[in-house]
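The structure appears below as structure tokens.
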Amino acid sequence: MDAFTDALQGWDGEQVTCRFDRPTGTWIFIASHSTALGPACGGTRMRTYPRPLDGLTDALALGAAMTRKMAVAGLPCGGGKAVLAVPELLQGAAREGLLERYVDLVESLRGGFLTGPDMNIGAADLDLMAARSEHVFGTGAGVQEGRTISDATAIGTLAAIRACLRHRFGGDALRDRRVLVQGLGGVGGELVGLLVAAGARVLVSDVDATRQAELVGRLGVEPIDAADVLTTPCDVFAPCAIGGVIGPEDVATLAAPIVCGSANNPLRTAETADALGAAGILFAPDYVVNGGGALHAIGVETFGWSSSLVLERLEAIGDTLLEVFRLADAHGVSTAAAAERLAGERLAAARSTGAAGRHGATLVEGTA
Ligand code: PHE
């Protein structure tokens, strides 16, 4: 005592729900970071971690990022994230049992936490969870014209990449731009397809060799060794996997003028953002870039947005990003600090109108 108490004490969020799931040996952490703008909302991630503590710290940081993501996206929700820190990726009956017990725990929060997909949690898992809960996004019912939450996140990420190109090079054409996508899961894999369709020269990397080979074979993209992702020259480095992939010590050798991907919390430390700025590397803050999933989930499943409205909101992610870059230039701060300022303003406005702390409130359109 300890790293656990230190992690909890150092966190500025509202509540952590924690349970050890004995049948599977899984630590469950639900980090409800903020209900200032509405009920805490964020995906559920299944992952192995070196220690349970690493799962907790991941949940805490991811939950905080969700609060900023919702605020910047203009959604009337707070932020949270759930981590299922499993001893190994579970399948079959063990997986189903864990998900059922986990979603019962979510239900016990009575709408204070709403959840959906994240790393290693997909539509089949969410369908199973939704059979026992009304607080689950990303089921089959949430697919719009074939678009899932992951697809929407990829579309928003593409709009963000275009905004970066415009800011950095004066034009947003993707033709012959070299874009390196790290992580070929639900979002990264879809992003690769969009980039190829737009004429980009795409380089791909994944720790899962089979997944990488499949995409290389199907789309003719260029494979990159996991060890070489940061040092391979490209126009855009798009981290779309786990967080913490760029630390301050990587900045000197990073061979991309733009970092813009869908991964949550890709920077290892807060100082990394300043180091990137000092090196002249344009960093697109992750929670601005990857808000497309939340926009789609809440827009389609709660507000009943039309397909064209969803697409409009996904495209607008590019405009928000350009506004962040403008703020950063105007105030001489990092792009990360500028995005935080934007999120902070919206949260402060909600607090001053007394909207804070609506734990368990229902989602209402137009209140953010
Ligand atoms: N997990 C995704 C994210 O980090 C998408 C998501 C958002 C899922 C909101 C559910 C709710 O943004």
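Both ligands and their constituent atoms are indexed starting at 1 by order of listing. When reading the values below, keep in mind they use all heavy atoms of this one structure, side chains included, and skip hydrogens, waters and symmetry mates.
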Does only the side chain of Asn264 get under 4.0 Å from ligand 1, or the backbone, or both, or neither? Count heavy atoms. side chain

Considering only NZ, NE, NH1 and NH2 on the basic side and carboxylate oxygens on the acidic side, decide whether Glu345 and Arg341 come within less than 4.0 Å. no

The atoms of ligand 1 lying under 4.0 Å from a heavy atom of Met66, numbered in the order shown, are 3 (C), 4 (O), 7 (C), 9 (C), 12 (O)

Heavy atom of the protein closest to atom 3 (C) of ligand 1 (residue, atom name, distance): Lys69 NZ, 3.2 Å

Can you list the ligand 1 atoms lying under 4.0 Å from a non-hydrogen atom of Ala294? 7 (C), 9 (C)

Please indicate whether any nitrogen or oxygen in Pro117 is less than 3.5 Å from any nitrogen or oxygen in ligand 1. yes

When you compare ligand 1 with Lys81, is there at least one nitrogen or oxygen pair between them that comes in under 3.5 angstrom? yes

Donor-acceptor pair, side chain of Tyr287 and main chain of Glu340, under 3.5 angstrom: yes

Is Glu100 salt-bridged to Arg132, cutoff N-O under 4.0 Å? yes

Out of curiosity, Thr335 OG1 to Arg326 CZ, how far, rounded to the nearest 0.5 Å? 14.5 Å

For atom 11 (C) of ligand 1, the protein heavy atom that lies nearest, with its residue and separation: Cys41 SG, 3.7 Å

Could you check whether any side-chain N or O of Asn264 sits under 3.5 Å from a backbone N or O of Gly243, counting only pairs where one atom can act as donor and the other as acceptor? no

Element-labelled atoms of ligand 1 that are located less than 4.0 Å from some non-hydrogen atom of Gly116: 10 (C)

Straight-line distance of Thr139 OG1 to Leu126 CG, nearest 0.5 Å: 7.5 Å

